[in-house]
Amino acid sequence: MNLQVADLRFSYRGRPVLEQVSLEVPSGSFCTLLGANGAGKTTLLKCMAGLLHPQGGRVQGDGEDLLALSTRQRAQRLGYVPQNVQASHSALTVWETVLSGRVPYRRGRLSREDRQAALEVVEQLHLEELALRPLDQLSGGERQRVFIARALAQHPQALLLDEPTSSLDLRAQQETLELLDRLRREWGLTLLAVLHDPNAAIAY
Ligand code: ATP
């Protein structure tokens with residue numbers, strides 16, 4: 001999905017953070033967003049994901065106004081993986097969390113397709129052994145993988161990731177970026193990720 005942001009403006013209580021931001025992420029590409037702390041990267045991703053309401057500008061996916069869609073419709077097109085995912089004493093298990101990625105498609109009970117989609121990403125992200133563990137008993141890096149898996153279970157056409165490798169050790173960082181890049185090639189997924197490592201940004 002070709003993602004296009006045009007003239008986006010956002011202020012927190014009158015304090016401007018984004019002023020006429022425009023960018024394009026071509027369909028099937030892996031773009032990274034680099035910038036200083038406080039530059040507004042998270043704010044930009046949240047505006048694109050519909051979690052914050054910009055005061056002006058447009059966010060389009062293949063020419064469709066993403067901000068005009070319902071949350072459910074938007075979630076079928078666009079996944080979002082937040083920064084520093086906290087367990088917040090969640091009693092949910094890994095499996096339940098990944099399954100919650102299917103909410104945008106569910107009408108009532110879970111279908112066989114929902115379970116299959118969740119199972120596929122659990123396998124892809126090597127989460128099988130953690131599947132029955134509650135989130136608040138995982139390490140930060142393990143939890144980060146679970147939230148990437150949940151977003152992938154949504155089967156989005158584009159994925160916004162806010163520092164997806166920040167809690168991962170070097171090997172897991174590379175594995176995660178490789179996996180995302182493979183999904184980009186195999187599923188045609190469009191990726192926009194905030195990274196702080198210029199070497200990783202160049203490599204991907
Ligand atoms: P980092 O690299 O440190 O994660 P960032 O580029 O993602 O930073 P943002 O989190 O988007 O930056 O923050 C941009 C600016 O908006 C910062 O000055 C921050 O203090 C401010 N800000 C962020 N969230 C809020 C909020 N909820 N209310 C008011 N100001 C906020």
Side-chain angles (χ1 to χ4, degrees), residues 1 3-26 29-61 65-69 71 74-75 77-90 97 101 135-136 138-152 154 156 158-170 172-177 179-181 184 189-204:
M1 182 168 70
L3 277 175
Q4 217 165 10
V5 172
D7 298 325
L8 206 69
R9 284 190 293 111
F10 183 84
S11 305
Y12 288 106
R13 289 179 286 279
R15 203 173 66 78
V17 173
L18 304 177
E19 295 188 82
Q20 304 211 283
V21 171
S22 300
L23 64 94
E24 184 170 357
V25 185
S29 66
F30 190 160
C31 285
T32 59
L33 198 55
L34 295 165
N37 290 135
K41 303 177 298 297
T42 296
T43 305
L44 174 61
L45 291 197
K46 283 185 175 173
C47 285
M48 292 176 72
L51 299 172
L52 290 174
H53 303 291
Q55 283 94 22
R58 292 188 308 281
V59 179
Q60 293 180 318
D65 181 355
L66 293 178
L67 301 183
L69 298 176
T71 308
R74 193 166 43 245
R77 292 159 176 74
L78 199 63
Y80 170 67
V81 181
Q83 190 180 10
N84 297 328
V85 279
Q86 302 295 333
S88 58
H89 310 295
S90 176
T97 305
L135 281 192
D136 60 4
L138 300 184
S139 74
E142 290 166 343
R143 214 157 40 231
Q144 205 158 25
R145 266 192 295 148
V146 174
F147 281 88
I148 293 173
R150 183 181 70 167
L152 290 171
Q154 263 171 255
L159 200 54
L160 308 177
L161 303 119
D162 200 349
E163 300 187 34
T165 54
S166 60
S167 311
L168 304 181
D169 62 45
L170 277 178
Q173 280 183 27
Q174 197 181 354
E175 277 179 9
T176 302
L177 292 170
L179 171 76
L180 290 169
D181 200 41
R184 177 188 68 77
L189 199 60
T190 303
L191 299 166
L192 177 61
V194 172
L195 296 179
H196 273 297
D197 176 2
N199 291 320
I202 290 165
Y204 292 92

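Numbering of ligands and ligand atoms starts at 1, following listing order. Bear in mind the structure is a predicted one, so any value in this text is a computation, not a measurement.
- Residues V81 and L160 have side chains not in contact (no heavy-atom distance under 4.5 Å, counting atoms from C-beta outward).
- Contact annotation: the side chain of R77 never approaches that of P156 to less than 4.5 Å [non-hydrogen atoms, C-beta and beyond].
- In this structure, the protein non-hydrogen atom closest to atom 22 (N) of ligand 1 is Y12 CE1, 3.4 Å.
- The nearest heavy-atom contact from the protein to atom 14 (C) of ligand 1 is G38 O, 3.4 Å.
- L177 is listed as a side-chain neighbour of F30, based on a closest heavy-atom distance under 4.5 Å.
- Summary of contacts: the protein heavy atom closest to atom 12 (O) of ligand 1 is G40 N, 3.3 Å.
- Ranking the protein heavy atoms by distance from atom 9 (P) of ligand 1 puts T43 OG1, 3.6 Å first.
- You'll find the side chain of P164 reaches within 4.5 Å of the side chain of L195, heavy atoms only.
- Between Q144 and S166, the side chains place a donor N or O and an acceptor N or O closer than 3.5 Å (distance only, hydrogens not considered).
- Summarising the local packing, NZ of K41 is surrounded by more than 12 heavy atoms from other residues, nucleotides or ligands at distances under 6.0 Å.
- Scanning the protein heavy atoms around atom 10 (O) of ligand 1, the nearest turns out to be T42 CB, 3.6 Å.
- Residue, atom and distance of the protein heavy atom nearest to atom 2 (O) of ligand 1 are K41 NZ, 2.7 Å.
- Those atoms of ligand 1 that come under 4.0 Å of a heavy atom in H196, given as number and element, are 2 (O).
- For atom 18 (O) of ligand 1, the closest non-hydrogen atom on the protein side is R15 NH2, 3.1 Å.
- Rounded to the nearest 0.5 Å, atoms CG (D162) and CD (Q83) are 4.5 Å apart.
- The protein heavy atom nearest to atom 3 (O) of ligand 1 is N37 ND2, 3.0 Å.
- Ligand-side atoms of ligand 1 in range of R13: 28 (N), 29 (C), range being under 4.0 angstrom from any heavy atom.
- Counting heavy atoms closer than 4.0 Å to ligand 1, residue V17 contributes side-chain atoms (C-beta onward) but none from N, CA, C or O.
- Residue contacts with ligand 1: G35 is placed with no nitrogen or oxygen under 3.5 Å of a nitrogen or oxygen of the ligand (distance criterion only).
- By the 4.5 Å heavy-atom criterion applied to side chains, L45 and L161 are not counted as neighbours.
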